[in-house]
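Working notes for the structure below.
Excluded from the calculations below are hydrogen atoms, water molecules and symmetry mates; all remaining heavy atoms, backbone and side chain alike, are included.
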Amino acid sequence: PEGFVAQAYKPDAAGIITIHRADCPDVSVPHEQDYTQGTTFMAFALSLPVLQECVMTWPGRVEYCRKCDPSKQQKAS
């Protein structure tokens, strides 16, 4: 999948907000997660700047996933 995912703990995202690439195994293995009933909620965007702008309104602190590091420029295909 293309795009980016912000993941935060319920109920109010007051802790750490982790931003992932959409293909990161931490957020892209549906059979291992329940996206609506679990302890986290997620926001999705095709553009990293759009997602960053969205999470600026959340009370938590933004971090980038260490596995997929979306803060690094995408590799050319």
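Taken to the nearest 0.5 Å, the CZ atom of R66 stands 10.0 Å off from the OG1 atom of T18. Interatomic distance, F4 CZ to S71 OG, rounded to the nearest 0.5 Å: 10.0 Å. Taking CD from Q7 and CZ from F41, the interatomic distance works out to 10.0 Å, rounded to the nearest 0.5 Å. We find the NE2-CE distance between H20 and M42 to be 7.0 Å, quoted to the nearest 0.5 Å. Considering CD of E63 and CD1 of I16, their distance stands at 4.0 Å, rounded to 0.5 Å. Of the inter-residue distances, the one linking L51 atom CG with F44 atom CZ reads 9.5 Å to the nearest 0.5 angstrom.
Nearest approach of K67 to C24, heavy atoms of both residues: CB-SG, 4.5 Å. Shown here for V5 and A22, the closest heavy-atom pair between the two residues is CG2-CA, 4.0 Å. L48 and P70 make their closest contact through CD2-O, 3.3 Å (heavy atoms, listed as atom of the first residue, atom of the second, distance). Across all their heavy atoms, D26 and C65 have their closest contact at OD2-SG, 4.2 Å.
Cluster annotation: V50 is not connected to I19 through the hydrophobic network of ILVMFWY side chains, with a link wherever side-chain heavy atoms come within less than 4.5 Å.
The number of heavy-atom neighbours closer than 6.0 Å to CD of E53, taken from other residues, nucleotides and ligands shown, is 12 or below.
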